[in-house]
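Below is one structure, written out as structure tokens; comments come after it.
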2 protein chains.
Amino acid sequence: MDARRTTVRDVRRRNRSVLLSELYFHEPLSRQELSQRTGLSPGTVSNVAGELIAEGLVVEAGSVDSDGGRPRVLLRVNPGYGRVVGVDVGETRVRVESFDLTMAPLATVDYPLDSPQPRPEPVAAQILAGLREVTEQAGTGPVVGVGIGVSGTVEQGPPARVHAQTLGWDAVPLERMLREGTDLPLFIDNGAKTLGQAEMWFGAGRGTRHAVIALIGSGVGAAVITNGSTYRGATSSAGEWGHTTLVYDGRPCRCGSSGCLEAYVGAEAVLDRYREAAGSPAPGDDEESAITELVASADSSPVAARVLEETAGYLGAGIANLVNLFNPERIVLGGWAGLTLGARLLPRVREETARRALRHPYEQTSIELCRLGPDAVALGAATLPVADLLTDPGVRSPA
Amino acid sequence: MDARRTTVRDVRRRNRSVLLSELYFHEPLSRQELSQRTGLSPGTVSNVAGELIAEGLVVEAGSVDSDGGRPRVLLRVNPGYGRVVGVDVGETRVRVESFDLTMAPLATVDYPLDSPQPRPEPVAAQILAGLREVTEQAGTGPVVGVGIGVSGTVEQGPPARVHAQTLGWDAVPLERMLREGTDLPLFIDNGAKTLGQAEMWFGAGRGTRHAVIALIGSGVGAAVITNGSTYRGATSSAGEWGHTTLVYDGRPCRCGSSGCLEAYVGAEAVLDRYREAAGSPAPGDDEESAITELVASADSSPVAARVLEETAGYLGAGIANLVNLFNPERIVLGGWAGLTLGARLLPRVREETARRALRHPYEQTSIELCRLGPDAVALGAATLPVADLLTDPGVRSPA
DNA sequence: ACTGCTTTTTTCAAGCTCTGAAATATTGAT
DNA sequence: ATCAATATTTCAGAGCTTGAAAAAAGCAGT
């Protein structure tokens, strides 16, 4: 099927990748441990590690006793080998953040969007300005790459194009637009997917290979991770959980269809349902505080309690669908509304999911809350160039 | 992540696989064409092909002029290298079928199941008997492997266990039970998945890498193919489309939940809905003829027309969910009921899907009918050992 | 028949890569 | 100092692919 030849050189590429990845996620490690973990012979580990050290990607860092014998020299990824930048193009602001190679944050800038439906050109300009800014601030070493998480679906190009209904963007060639201002490697992806990536590397998804990060904000989205990598489908718009029909011919959804999950458990939808049930809007200046208020009032207000109870039902059913279709090891519930609602509703959501999902896949799944919060979109985006580096560490020029 | 070392030997393994697969799906091919298609140098192709020929996996088959020069020698996979057996453990019978390596059918035997809830032991005995039978009948060459498609979810072991609610099987160690009667390599999988595999190789899924085979029989299932291979999830029970909630708190489903897709578009459910609407059961002795009758009567019976129209709506919504979540290139509608209903309803189903799915992923998808019919479960199962052979052609002993 | 021309296959030295075994390095204990 | 215990490095050996050159196999014309 996959008619791609393999040469001896690919062997080295792959083994460099295996070694570096192992080190990245389990540092510090001695050559000897590395040999055991990767299955490579000590000779090869020594050889490859030497190469990586010479290139500056890896550094020796102290040593540790080994009862009686020569001490083990510990190796780590060199955080200063280079920097990566993550960009979060949200619905209200552009955030640009830089990190060292081990994802320690270095600098951040935020730009508010001037309109809820900003034109793409100024946004691209903001991204480029932010890029310059964080690059000039703290940190040394070349920028290895830039990851960009956008709240919309991204058609992987080249050049990548962005379709974002909420921003009013249709097939915006963001990659080409940025390309005019920078030569750095660019990685553009959907924001929900980059957030999912962040949870997989550093949050509640750690250690699993099959997970779904279910995100509830004003809208609803998901990142599906299968076999350790983000599931994209044919044109990388997979995972549109929010617009999955849950209530046939139910409430109208902003996508034009009706009965979508988002029309029931999205923050906006929850508040709408409350308003209809209570006859008056939920208190709070904005969606975010309104949801918080709603959850807080559940103990005293029967109406709020009922709306939340119903929400748990819908959400449980939506999650059960994920369980049945994807059979993940873990479902991670996040997004700002997901966290607020989940803090109270998680046990009920688990029950409702159990009631509706098939027993066998349900038993294989744990349902948990996100650990990183909704601001991790930029972190996850910055992860993309690092992942690329780990997958194929070798094409780039040494520092 | 994937801490697996690679050695020089893997290079040969992979290239053997690439070459053999290319040949399998595009034969006949000359060495020179093979070199172009795989990207391997002529020298390597010659070398690897020679090895495969010596082992009997590949044969030279005629030659073809090449204007003016030395004629090209055509190569093909040797159909007589060995045989494969496919088993279909359905709800009413066990079918065992043998094929040559290129999937030309050689022999078939059927055994009716003595009860709708047969005990596993006699079924295993029937499989083994069928295996002996088809092996002794037509065909020569050793049996390379046996694939088994079971109507239930299969927990890939080892040993593989089968959970089949309709058969009344719970964690049946089918692999171990068969192992006592044969030493052949066994591949056990869900019947919907093997049928999907058959459609991918020889049916409506050919040429795509991302597809969903949606199957409607008495129940409803699906096989999801991503990146060219069947999606299994963490414990290989992924793709349970039929028990996905489509109508929140809707009709009760035999799985214990309610509002499942299966409770609306499964053959049994369609007939139930007709009975409720018409006040009398649909004509026909069994489910299959009843569905056929129902479709046939739609032009004259308003009730039948309405039930079918509603079915198209539910099915369209269910398919739209697949489109949104998996973003496939193609949706293939099959199963005996799916084919009968689809013959009439396909245009309406497409419309309903379009109405409910997101525009972008919908435009990437074509919706078609199965080409192989529901009997291809055994064919698809027999495909499993072949796929294994193509992936790693080398461990086995030469013919 | 023989020669020249064209195109396909095979052959082969070179250059990589991993491995297992042996050699070397490093440190604490005697 | 010397020994013992480990950790690393070195190195010959074997397996791969490659690109170039050589060989093979027809066809056409003389």
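Side chains are part of it too, since the values below use all heavy atoms of this structure and drop only hydrogens, waters and symmetry mates.
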Can you give me the N/O atom pairs linking the protein to nucleotides 17-21 of chain C at distances under 3.5 Å, or say none if there are none?
{"unit_1": "C:dC18", "atom_1": "OP1", "unit_2": "A:Asn15", "atom_2": "ND2", "d": "3.1"}
{"unit_1": "C:dC18", "atom_1": "OP2", "unit_2": "A:Arg12", "atom_2": "NE", "d": "3.3"}
{"unit_1": "C:dC18", "atom_1": "OP2", "unit_2": "A:Arg12", "atom_2": "NH2", "d": "2.8"}
{"unit_1": "C:dT19", "atom_1": "OP1", "unit_2": "B:Arg5", "atom_2": "NH1", "d": "2.3"}
{"unit_1": "C:dT19", "atom_1": "OP2", "unit_2": "A:Ser41", "atom_2": "N", "d": "3.1"}
{"unit_1": "C:dT19", "atom_1": "OP2", "unit_2": "A:Ser41", "atom_2": "OG", "d": "3.1"}
{"unit_1": "C:dT19", "atom_1": "OP2", "unit_2": "A:Thr44", "atom_2": "OG1", "d": "3.1"}

query: NZ/A:Lys193 to OG/A:Ser237 distance, rounded to the nearest 0.5 angstrom?
result: 7.0 Å
Rounded to whole Å, how long is the line connecting atom [atom1] of [X] with atom [atom2] of [N]?
| X | N | atom1 | atom2 | value |
| --- | --- | --- | --- | --- |
| A:Leu75 | D:dT8 | CG | C1' | 11 Å |
| B:Gln36 | D:dT18 | CD | P | 14 Å |
| B:Asp10 | C:dC16 | CG | C1' | 15 Å |
| A:Arg14 | D:dC16 | CZ | C1' | 15 Å |
| B:Leu19 | D:dC16 | CG | P | 14 Å |
| A:Arg13 | D:dC16 | CZ | P | 19 Å |

- prompt: Does any donor-acceptor pair link the side chain of A:Arg70 with the base of C:dT26 at a separation under 3.5 Å?
  reply: no
- request: Select one nucleotide: of D:dT9, C:dT9, D:dG26, the one nearest the side-chain heavy atoms of B:Pro71.
  value: D:dG26
message: Taking the minimum atom-to-atom distance to the side chain of B:Arg72, which one of D:dT8, C:dT10, C:dT9 wins?
response: C:dT9
field: Min side-chain heavy-atom separation B:Val386-B:Phe99 under 4.5 Å
entry: no
Identified side chain to side chain contact (heavy atoms under 4.5 Å, CB included) counterpart of B:Leu19 within the set B:Thr44, B:Val58, B:Leu75, B:Leu34: B:Leu34
- prompt: Using a cut-off of 4.0 Å on non-hydrogen atoms, how would the nucleic acid contact of B:Val45 be classed: base, sugar-phosphate, or nothing?
  reply: nothing
message: For a quick test of reading the model: is some side-chain N or O of B:Arg31 closer than 4.0 Å to OP1 or OP2 of C:dT10?
response: yes
field: Ionic contact status for A:Arg330 with A:Glu199, cut-off 4.0 Å
entry: no
- prompt: Are B:Glu51 and B:Arg16 within salt-bridge range, i.e. N to O under 4.0 Å?
  reply: yes
query: Take atom CZ in B:Arg14; do more than 12 heavy atoms of anything else shown fall under 6.0 Å from it?
result: no
query: Under 30°, 30 to 60°, or over 60°: which ring-plane class applies to A:Phe326 and B:Phe326, parallel, tilted or perpendicular?
result: tilted
